Every structure is written in structure tokens, then in C-alpha cells.
**Q** 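This is the structure I have questions about; it appears just below.
Chain naming here is simple, since letters A, B, ... match the order of the sequence lines and numbering starts at 1 in each. Computed from a prediction, not measured in an experiment: that's the story for all the values here.
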Number of protein chains: 2
Amino acid sequence: MTKDTAPQLHLDNQLCFPVYTLSRLITQAYQPLLKALGLTYPQYLVMLVLWEADEKGELPVQVRFITEKLLLDTGTVTPLLKRMEEAGLLQRRRSSVDERVVEIYLSEQGRSLRSQAETVPFELLCRTGVDPKRGIAMRDEMLAMIRVLQQS
Amino acid sequence: MTKDTAPQLHLDNQLCFPVYTLSRLITQAYQPLLKALGLTYPQYLVMLVLWEADEKGELPVQVRFITEKLLLDTGTVTPLLKRMEEAGLLQRRRSSVDERVVEIYLSEQGRSLRSQAETVPFELLCRTGVDPKRGIAMRDEMLAMIRVLQQS
DNA sequence: GGTGGATATATTGTGCACAATATAGTTGTT
DNA sequence: AACAACTATATTGTGCACAATATATCCACC
């Protein structure tokens, strides 16, 4: 009489666990590169949003713009932006048109960081040993899952 | 004269961001199911490890066993196990053979939670709308990337 | 049998995530 | 004009993650 088993509860059979682990390991792989720029990984994501908005002439952006791009809520983003303001990467200013809104401006320091960041994605690609084609296929599958999960 | 662009820094071209987001959204999808069991997502992962060890008659396990399975360090796992002990899910006891080692035992409450958890993976599969075959393919690709990242 | 190095776990401090709630401002309706 | 409903951001509290460091124990070798 052996114990009954529940293979669907075995760690190796989970889909969630590799996603969770891969996310952590990727963040760890970025860490030394981002440390040289004085950024954490979530701060790097905010900078990606701001640099891209800058290219398109969309600055300043609202806090809401960032929360929607990154799918994070204000409870995460507000303190994140405060720390980044203290670090001199950006400015936060209440809109005079609508006092509810806080507008985010890129500082010169924040803007100039972009040129240093330009090599980061390629270096990461090398470290992870991802074949670019399969990486794109994986990315698209994940984006599809994200769309499904966002509805609930 | 337009601003120069750096497409490799655009959010939509990142591989890391979908992994990061998918991981968060999956955790959020688990949350209502796990809340009914009184577990957080990392606590659920610890329980998966313990239930599986229990099946194999490997209990008690060392803290190290859990950190290695989950690829987390003691700075994360020790307080996690303490909270789980307070919640009555497990016991922590110093080994008398080797006083450095802390042995983790499953409590009866923790063991009996397994039957309630057995339906969780299937429910998640439904919510994420994953085709099982493609899910397995994705999982294996992620595990391959994890192996590469673990070496550095 | 003492001591240097290795091992196992714990602690401290910082920065996310996120649920829940609060605050303040705006808009639409009557 | 008053006020209810809505919107944008902020705050509070809890629980991870993780780097860095500390503590305690064990083991090998002399």
C-alpha cells in the first residue's frame, strides 16, 4: 500500500514555475548591467517607456501612461517614480490643467542614460543563449497568454 | 531632423518584459484559488515540494532541499518557512545529528491541504486558455533557458 | 585536540508587487 | 449651484526577492 500521488502537483509538471523562475533569473542576469547604469530592473522598464515616449515627442506623460504600458498599479509605480526622481532620472509635476494628474518629465541625466543602455539588450541576448527566431516565437506565445489573462 | 531611435530598447521588442508580466499575471490568476487554501504563491510552491517529498518518503527535508528545488536563497526561504510554520502548515526543527541543519516536517494540516489543491492546476489551465501541447513546448524552452542562465 | 576552511541557516536592509483604502480633483445631472 | 459618480494618484500594510553579512556548526589536517 503506497501513498497516492498527484502528478499534476509535481513541480516538474507546472507551467507556472518555469515562468516564475525564468523571470527571476532574467532579472538577475540584467542586474550587473543595470547596476552600471544605476537602475533596478523595474526602473529600467520605466526608462524604456520614457525613452520611447521621448522619441515620439509624447513627453511629458501621465503616471497612468506608465501603469498601462507596464501593467502595474499605482501602488507600485508611484513609489518607483519617487525613487527615480530622487535619483535624478526624471521629474514629477502636478498638471496645472488637471490637478489630479502628475506629469512625468525625463531629466537630461535620464535622457543621456539611453546611449549607455543601447547595448544592454544585445548583451542579454548573448548571455541567455536564445536563438532570436525562437525567442520571437516564445515572446508571441507569451503575449497571447497575457492577453487572455488580462481579461479576467 | 528627427530624433534618432533605438528599436532594441522599445518595450514591444523585449523578451524579458513578457516573461516578467506573464509571471506576475499567472501569480495573480492563482491568487483567488490559493487564498481559499490560505496560501500565497511562493508558499504554494513550497507545499508542492513538500507534498512531493512526502509521496517519496523523503520527509523531513533540509532547508537546502527547498532552496535548491525552487532556486531561491535562504534570505527568501527562511522567513517564508517561518511564516508557514506560524500558519501551522509545517514544523521546523534543528537536526540533532547536525546542528547546522534545520529539518522541515509537514504538519497534518499541511498534508491534508493537498487534496484541496489537486484541482488548482486544472483550473489554472482553463483560465489561461493554454493549449496543453504548446504549453509543454513553451515549458521546455523555458527550462532550457533556465539551464543556460543558471551557469552564470 | 586545536584550528582553518567549508557548510547550513539566519539576519539586515532595500526595493518591488499588490490588495485595500484614502484623498483630492473633475464632470455630468438636475 | 449642489452633489453624486467618476477619475488620477497616493498611502498603508504585508509578503516576497535578493545582496551582503553574520552566526554557528562541522570536518580535515596537522
**Q** Do B/Thr78 side-chain atoms and B/Gly75 backbone N/O form a donor-acceptor pair below 3.5 Å?
**A**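 Looks like no, no N/O pair under 3.5 Å.
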**Q** Any base atoms under 4.0 Å from A/Tyr20, or only sugar-phosphate, or nothing? Heavy atoms, all strands.
**A** sugar-phosphate
**Q** Select from A/Leu25 and B/Ser96 the residue whose nearest nucleotide in DNA chain D is closer to the 5' end of that strand.
**A** A/Leu25
**Q** N/O contacts under 3.5 Å, protein versus nucleotides 6-8 of chain D?
**A**
residue	atom	partner	partner atom	Å
D/dT7	O2	A/Arg100	NH1	3.2
D/dA8	OP2	A/Arg64	NH1	3.0

**Q** Identify whether any heavy atom of B/Val46 sits under 4.0 Å from a base atom; if not, whether one sits that close to sugar-phosphate; answer base, sugar-phosphate or nothing.
**A**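 No contact.
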**Q** Inspect the contact between B/Glu68 and B/Arg64 and indicate whether a charged nitrogen and a carboxylate oxygen are less than 4.0 angstrom apart.
**A** yes
**Q** Where the side chain of B/Arg93 meets the backbone of B/Tyr105, is there a donor-acceptor pair that is under 3.5 Å apart?
**A**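 Here the side-chain-to-backbone pair does not exist.
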**Q** Answer yes when A/Arg92 and A/Glu103 have at least one side-chain N-carboxylate O distance shorter than 4.0 Å, and no when they do not.
**A** no
**Q** With A/Ala6, which residues qualify under side-chain contact (heavy atoms from CB on, under 4.5 Å), at least two apart?
**A** A/Gln8, A/Leu9, B/Glu55, B/Arg114, B/Glu118
**Q** Looking at B/Val101, is its backbone amide N or carbonyl O close enough to the side chain of B/Ser95 to form a donor-acceptor pair, meaning the two atoms are under 3.5 Å apart?
**A**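 Checking the backbone N and O of B/Val101 against the side chain of B/Ser95, no donor-acceptor pair under 3.5 Å is found.
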**Q** Using a strict 4.0 Å threshold on nitrogen-to-oxygen distance, state whether B/Arg111 and B/Glu108 make a salt bridge.
**A**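 Counted as a salt bridge, because a side-chain N and a carboxylate O are separated by less than 4.0 Å.
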**Q** Backbone N or O of A/Ser112 within a donor-acceptor pair of the A/Ser115 side chain at under 3.5 Å?
**A** yes
**Q** Can you run down the ring-ring contact (aromatic ring centres under 6.0 Å, His included) pairs that involve residues 14-34 of chain B, sequence neighbours left out, and say none if there aren't any?
**A** A/Tyr41-B/Tyr20, B/Tyr30-B/Tyr41, B/Tyr30-B/Tyr44
**Q** Expected output is a numbered-order residue list: members of residues 67-86 of chain B with a heavy atom under 4.0 Å from any atom of DNA chain C. What is it?
**A** B/Thr74, B/Gly75, B/Thr78, B/Lys82
**Q** I want to confirm an ordering. Mapping B/Gln43 and A/Lys35 to their closest nucleotides on DNA chain D, which one lands closer to the 5' end?
**A**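 So the residue in question is B/Gln43.
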**Q** Hey, is A/Lys133 close enough to A/Asp131 for a salt bridge, meaning N to O under 4.0 Å?
**A**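 A salt bridge is absent here (no side-chain N lies under 4.0 Å from a carboxylate O).
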**Q** Closer than 3.5 angstrom, by distance alone: can the side chain of B/Gln43 be matched with the main-chain N or O of B/Thr40 as a donor-acceptor pair?
**A** yes
**Q** Starting at OG1 of A/Thr76, measure out to CG of A/Leu71 and round the result to the nearest 0.5 Å.
**A** 11.5 Å
**Q** Treat a base pair as Watson-Crick or G-U wobble with both distances under 3.5 Å, then lay out DNA chain D in dot-bracket form, 5' to 3', with | for cross-strand pairs.
**A** ||||||||||||||||||||||||||||||
**Q** Please test A/Ile26 against B/Cys16 for side chain to side chain contact (heavy atoms under 4.5 Å, CB included), starting from the C-alpha separation and ending with a verdict.
**A** CA-CA 7 Å; A/Ile26 289 178; B/Cys16 61; 3.7 Å; yes
**Q** Would you kindly compare A/Glu99 and A/Thr40 by the position of their nearest DNA chain C nucleotide and give the one closer to the 5′ end?
**A** A/Thr40
**Q** Reading DNA chain C from 5' to 3', where do the contacts with chain B start and stop? Cut-off is 4.0 Å to heavy atoms.
**A** C/dT7 to C/dA20
